[in-house]
There are 2 protein chains.
Amino acid sequence: MSAPALTKNQALVFDVLEKADGPLSAYTILDKLRDHGFRAPLQVYRALEKLLEYGVVHRLESINSFVACAHPGENCHKHGIVAFAICESCGQVMEFHDHEVDNRLTDWTKARKFKAEKTTIEMRGLCEACAA
Amino acid sequence: MSAPALTKNQALVFDVLEKADGPLSAYTILDKLRDHGFRAPLQVYRALEKLLEYGVVHRLESINSFVACAHPGENCHKHGIVAFAICESCGQVMEFHDHEVDNRLTDWTKARKFKAEKTTIEMRGLCEACAA
DNA sequence: TCGCACACGTTATAGCATAACGCAATTGAT
DNA sequence: ATCAATTGCGTTATGCTATAACGTGTGCGA
């Protein structure tokens with residue numbers, strides 16, 4: 001499921017997220033796109049829905065925000081579970097993958113026959129610069 | 001930081017969560033407590049804030065809900081990072097701890113000097129019974 | 001050319017969370 | 001004893017997040 005050509009709205013939303021230097025809420029995206037004709041939240045949410053599906057955007061559940069995938073061009077879904085470190089001071093997000101964490105969680109689900117569809121790993125705290 | 005005696009509102013909210021067989025949203029808790037005099041969301045949120053602080057209740061970020069800790073009596077914070085498997089069909093939540101996952105994430109944060117304050121691990125999917 | 005799938009636009013509404021104000025009870029130091 | 005600080009509580013109002021429901025247009029294959 002590599003990303004097909006984006007529609008106009010999808011491209012606009014993705015562009016905003018890529019140019020941002022941190023995660024954005026749907027409503028912030030909406031505000032940034034008013035000049036491009038966006039008027040309602042659904043225009044943003046519908047685009048986001050597809051971008052999430054294509055794996056080019058991630059949703060940060062713990063802060064109700066969205067961020068462009070850190071691996072442009074690749075299919076991020078292929079890397080396994082995605083984890084995030086979110087700085088609560090500067091808003092920077094670091095995306096990473098850890099196969100050992102994947103393995104442990106997968107082991108757990110297998111042992112309990114739990115069928116995981118979507119896994120969230122998010123650490124909130126302070127990045128090196130902000131903790132100083 | 002073991003839990004001190006709960007106030008009336010805290011006890012009511014905790015009781016509702018403990019008796020529930022799954023996570024509840026703040027507004028659902030509010031509805032269940034109207035007979036006990038609850039009238040506003042803040043009454044619930046303020047109680048939840050303390051219960052979360054005491055570690056006797058967990059917040060499920062991915063579904064905006066709250067659940068009583070699976071380890072009554074103990075201080076759950078001591079067990080390290082808490083992880084959840086949430087069945088999207090029946091709503092059941094399984095809480096678990098995996099020290100190896102903790103270690104991997106801690107290693108990552110140490111390497112990047114990231115100071116993690118709160119870590120969320122949530123798997124959504126289908127439990128064994130519902131997947132059948 | 002008909003039907004279907006999909007993107008899109010709009011209005012309205014539902015669901016989640018907190019700000020800001022004021023009051024009452026408790027505690028603890030002076 | 002009294003004053004100040006803290007904490008919990010109640011209320012009103014508001015803001016933020018997300019989706020329902022309806023309709024339009026476009027492209028494309030049967």
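Chain letters run A, B, ... following the sequence lines, proteins first and then strands; every chain starts at 1. Atom set for the values below is all heavy atoms of this structure, side chains included, hydrogens, waters and symmetry mates excluded. This structure is a prediction, so every number in the text was calculated from the model and none was measured.
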In plain terms, say whether B:Glu49 and B:Arg46 are close enough for a salt bridge, that is, a side-chain N and a carboxylate O under 4.0 Å apart.
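Salt bridge flag = no for B:Arg46 with B:Glu49.
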
Counting only side-chain heavy atoms from C-beta out, which of [options] sits nearest to [X]?
X       : options                : result
B:Arg59 : C:dG9, D:dT12, C:dA17  : C:dA17
A:Asn64 : D:dT17, D:dG8, C:dG9   : D:dT17
B:Lys50 : D:dG8, C:dA7, C:dG9    : D:dG8
B:Pro41 : D:dA18, C:dT18, D:dT19 : C:dT18

Rounded to the nearest angstrom, tell me the gap between atom [atom1] in [X] and atom [atom2] in [N].
X       : N      : atom1 : atom2 : result
A:Tyr45 : C:dC8  : OH    : C1'   : 18 Å
B:Tyr27 : C:dG15 : OH    : P     : 11 Å
B:Leu30 : D:dG10 : CG    : C1'   : 13 Å
B:Leu48 : C:dA17 : CG    : P     : 9 Å
B:Leu6  : D:dT7  : CG    : P     : 16 Å
B:Leu52 : C:dC16 : CG    : C1'   : 15 Å
B:Asn9  : C:dA25 : CG    : P     : 15 Å
A:Arg39 : C:dC8  : CZ    : C1'   : 14 Å

Nearest heavy-atom pair of [X] and [Y]: which atoms, and what distance?
X        : Y        : answer
B:Leu17  : B:Phe66  : CD2-O, 3.3 Å
B:Met123 : A:Leu105 : SD-CB, 4.1 Å
A:Ala47  : A:Val13  : CB-CG2, 3.6 Å

Phosphate OP1/OP2 of [N] contacted by [X] side-chain N/O (<4.0 Å):
X       : N      : answer
B:Gln43 : D:dG10 : yes
B:Arg46 : C:dA19 : no
B:Thr7  : D:dG8  : no

(message) With nearest nucleotide decided by heavy atoms, which residue, B:Gln10 or A:Thr28, maps closer to the 5′ end of DNA chain D?
(response)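 Comparing both residues, the 5'-ward one is B:Gln10.
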
key: Contact check, side chains of A:Cys90 and A:Cys127, non-hydrogen atoms, under 4.5 Å   =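 Yes, at least one pair of side-chain atoms sits under 4.5 Å.
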
Bend angle of the helix from C:dT1-D:dA30 to C:dT30-D:dA1, end axes from five pairs each (to 10°):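 If I round to tens, the end axes sit 20° apart.
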
(message) Please confirm whether the ring centroid of B:Phe84 lies under 6.0 Å from the ring centroid of B:His58.
(response)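 Close enough - the centres of the two rings lie under 6.0 Å apart.
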
Using the side-chain hydrogen bond (donor to acceptor under 3.5 Å, both in side chains) rule, take B:Thr120 and B:Arg59 through it: C-alpha gap first, then chi angles, then the decisive distance, then the call. CA-CA 9 Å; B:Thr120 297; B:Arg59 177 194 198 112; over 6 Å; no

